[in-house]
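Keep in mind the model is a prediction, meaning the values are calculated, not measured. Note that the numbering runs from 1 along the sequence shown for the chain.
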Amino acid sequence: MSSQVSPPQVSHTQASHSQVLADLSGLAQLAADPTLDMRPVLLRVQTDLFAAAPARDRATVEAYEALALGLLPIVEDEVVAAVARRLAPLPEAPMRVLSAFLRRGGEARAAVIALSPALPPEIDPDRLVLRGGVDALALAARADLSPARIAALLDRTDPTLDRALASSPHPLPDDALARLTDRARRRPDLATLLLGRSDLSLADEAALYLHATPDRRETIVARLGASALHAPIPPRAAPSLAEDLAACLKARGLSGFETCLAASLGSGGALPLQQDGTNVPDLLALTLTAAGLADDQIVRLFLLRGDEVSRSAPEVFRLAALVRATPRPVAIRLVEAILGHRLGLTPAGARHAPYLAPQTLPARTSERREAATGRERQAG
């Protein structure tokens, strides 16, 4: 009876090492071809090996540093940028190599500013903020920005920086989100980015309702409805309000109509129902609902407008569906959030906390945390 000899056991580390040797063997064969410049490939491969190493001792760091510093000046910017993005997040990244990326400029410099665990000594973040441009844009992507530095970036009122902060995966302070939300009311691109965040409060979401997708709108309305269950309900509108508004529309046009509507809501002056120079039918429909008009009265007012909305049956049907799906207490809260100020509809003696008022900001932290937790549970 012959005995069988078991093949030698190969550890995971040995297998990985063998794979690396096989990859490098193929690289060596390619390097023998005089028509190919293997220096960019060599730099990329060595960077990947350095980044994937389970441990990077001093000898490993120094060897990689020598190789990288020798190859960086002679490879293209695209390769340098890719290597910088791979290397910059590593705590053991050689400082001389990071400095070479900073001097190279472009995407390589931006990667170091945005991704390094700690900024290199030659980088002054306050100076980057003052300078603006691509350096400030890269700084806005960092996870360790202080609230003061985020506020300084917002003080520049640079739309590109606003978008960078809004799209950052890192949490933002409440006051920063409030400032971004205020700007996003009239900037659909910024609103879309903010609505993709998980740390918005319900107040922030309501303020950006006009820019939300239909599904997101339904979610916002449902959450507002749940939070408004015990809210005081203003008295119904006067029976003659619909006729008064119709007469005002016929006599004074849209601007006069908005002034009459504002007076009926106790707001004083004209309501800012113009968004980016365009009257938003959805906001007007919500405002009429907040005023206490019935569904059929609101539809009649839209038909009397004499504009493109009134001549589009699908648009009128859509607005009618919006009105029917939005309870009056929710419409009031939505309009106040969208406009950024309260309506004069709160019953006498009832306490009213307007959306986005400074005194409400401290309470929004827990609200954002709960919102983010709820979405994570739904995603799971």
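By the salt bridge (charged side-chain N to carboxylate O under 4.0 Å, His left out) test, Arg156 pairs with no residue at all, sequence neighbours left out. For Glu218, the salt bridge (charged side-chain N to carboxylate O under 4.0 Å, His left out) test picks out no residue, with sequence neighbours left out. A search for side chain to side chain donor-acceptor pair (under 3.5 Å) contacts involving Asp215 returns nothing, not counting sequence neighbours. Residues forming a salt bridge (charged side-chain N to carboxylate O under 4.0 Å, His left out) with Arg179 (at least two apart in sequence, or on another chain): Asp155. Evaluation of the salt bridge (charged side-chain N to carboxylate O under 4.0 Å, His left out) rule for Asp126 yields Arg149 as partners, not counting sequence neighbours. By the side-chain contact (heavy atoms from CB on, under 4.5 Å) test, Asp295 is found to be paired with Val323, Arg324, residues two or more places apart in sequence or in another chain being considered. Take Arg58 and apply the side-chain contact (heavy atoms from CB on, under 4.5 Å) test, not counting sequence neighbours, and it matches Glu62. Shown here are the ring-ring contact (aromatic ring centres under 6.0 Å, His included) partners of Phe50, two or more places apart in sequence or in another chain: Tyr64.
For the pair Ala285 and Leu322, the tightest heavy-atom approach, listed with the atom from each and the gap, is CB-CD2, 4.2 Å. Met95 and Pro120 make their closest contact through SD-CB, 3.9 Å (heavy atoms, listed as atom of the first residue, atom of the second, distance). Nearest heavy-atom pair, Leu194 versus Ala184, reported as atom, atom and distance to 0.1 Å: CD1-CB, 3.7 Å. The minimum heavy-atom distance linking Asp199 with Leu172 is given by the pair OD2-N, 3.5 Å. Looking at every heavy atom in both residues, Ala212 comes nearest to Leu195 through CA-CD1, 3.7 Å. The minimum heavy-atom distance linking Leu98 with Ala88 is given by the pair CD2-CA, 4.1 Å.
Phe257 does not carry Arg252 over the face of its six-membered ring by the limits of under 6.0 Å from the centre and within 45° of the normal.
Hydrophobic clustering (side-chain heavy atoms under 4.5 Å, transitive across Ile, Leu, Val, Met, Phe, Trp, Tyr) groups Leu210 together with Leu224. Cluster membership for Leu161 and Leu180, using ILVMFWY side-chain heavy atoms within less than 4.5 angstrom, is shared. The cluster map of Ile, Leu, Val, Met, Phe, Trp and Tyr, joined by side-chain heavy atoms under 4.5 Å apart, puts Ile332 and Leu283 in the same cluster. Cluster membership for Leu193 and Leu154, using ILVMFWY side-chain heavy atoms within less than 4.5 angstrom, is not shared. There is no path of hydrophobic side-chain contacts, each under 4.5 Å, that joins Leu130 to Leu128.
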Fill in: Test log, rule side-chain contact (heavy atoms from CB on, under 4.5 Å), inputs His170 and Ile150
CA-CA 12 Å; His170 312 298; Ile150 292 174; over 6 Å; no
Item to complete: Any chance you could lay out the side-chain contact (heavy atoms from CB on, under 4.5 Å) test for Leu119 and Arg142, step after step, and finish with the verdict?
Response: CA-CA 10 Å; Leu119 285 171; Arg142 290 192 64 83; 3.6 Å; yes
Worksheet item: Could you go step by step and tell me if Leu286 and Ile338 meet the side-chain contact (heavy atoms from CB on, under 4.5 Å) rule?
Response: CA-CA 10 Å; Leu286 292 170; Ile338 293 168; 4.2 Å; yes
Discussion item. side-chain contact (heavy atoms from CB on, under 4.5 Å) for Leu102 and Ile113? Distances and angles first, verdict last.
Written reply: CA-CA 8 Å; Leu102 292 174; Ile113 295 173; 4.2 Å; yes
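With a 4.5 Å cut-off on side-chain heavy atoms, Leu301 and Leu293 count as touching. Contact of the Thr157 side chain with the Arg183 side chain is registered, since non-hydrogen atoms from C-beta on lie closer than 4.5 Å. Counting only heavy atoms from C-beta outward, the side chains of Ile220 and Val330 never approach each other to under 4.5 Å.
Between the side chain of Arg163 and the backbone N or O of Asp158 there is no donor-acceptor pair closer than 3.5 Å. Distance alone, capped at 3.5 Å, places no donor-acceptor pair between the Arg109 side chain and the Phe101 backbone. Side chain of Arg185 to backbone of Ala337: a donor-acceptor contact under 3.5 angstrom is found. Using modelled atom types, one side-chain atom of Ser264 and one backbone atom of Leu261 make a donor-acceptor pair closer than 3.5 Å. Within the 3.5 Å criterion, the main-chain N or O of Glu336 finds no donor-acceptor partner in the side chain of Arg342.
If you take CD on Glu258 and CG on Leu249, they are separated by 10.0 Å, rounding to the nearest 0.5 Å. Atoms CD and CZ, on Glu122 and Arg103 in that order, are 8.0 Å from each other to the nearest 0.5 Å. Atom-to-atom distance recorded for Leu200:CG and Thr181:OG1 is 6.0 Å, nearest 0.5 angstrom. The distance from atom CD of Gln297 to atom CG of Leu288, rounded to the nearest 0.5 Å, is 10.0 Å. In this structure, CG on Leu304 lies 12.0 Å from SG on Cys248, to the nearest 0.5 angstrom. To the nearest 0.5 Å, the span separating CZ on Arg186 from CG on Leu190 amounts to 14.0 Å.
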Give every donor-acceptor pair under 3.5 Å between a side-chain atom in residues 239-247 and any protein atom, sequence neighbours left out.
unit_1: Ser240; atom_1: OG; unit_2: Asp244; atom_2: OD2; d: 3.4

Got a list of side-chain donor-acceptor pairs under 3.5 Å for residues 65-85, not counting sequence neighbours?
unit_1: Asp77; atom_1: OD1; unit_2: Arg104; atom_2: NE; d: 2.8
unit_1: Asp77; atom_1: OD1; unit_2: Arg104; atom_2: NH2; d: 2.8
unit_1: Arg85; atom_1: NH1; unit_2: Glu107; atom_2: OE1; d: 3.0

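We find that Asp204 and Arg197 are not joined by a salt bridge, their nearest charged nitrogen and carboxylate oxygen being 4.0 Å or further apart.
Here Phe317 is tied to no hydrophobic group at all, with no ILVMFWY side chain closer than 4.5 Å. The other residues sharing a hydrophobic cluster with Val299 are Leu303, Val316, where clustering joins ILVMFWY side chains under 4.5 Å apart.
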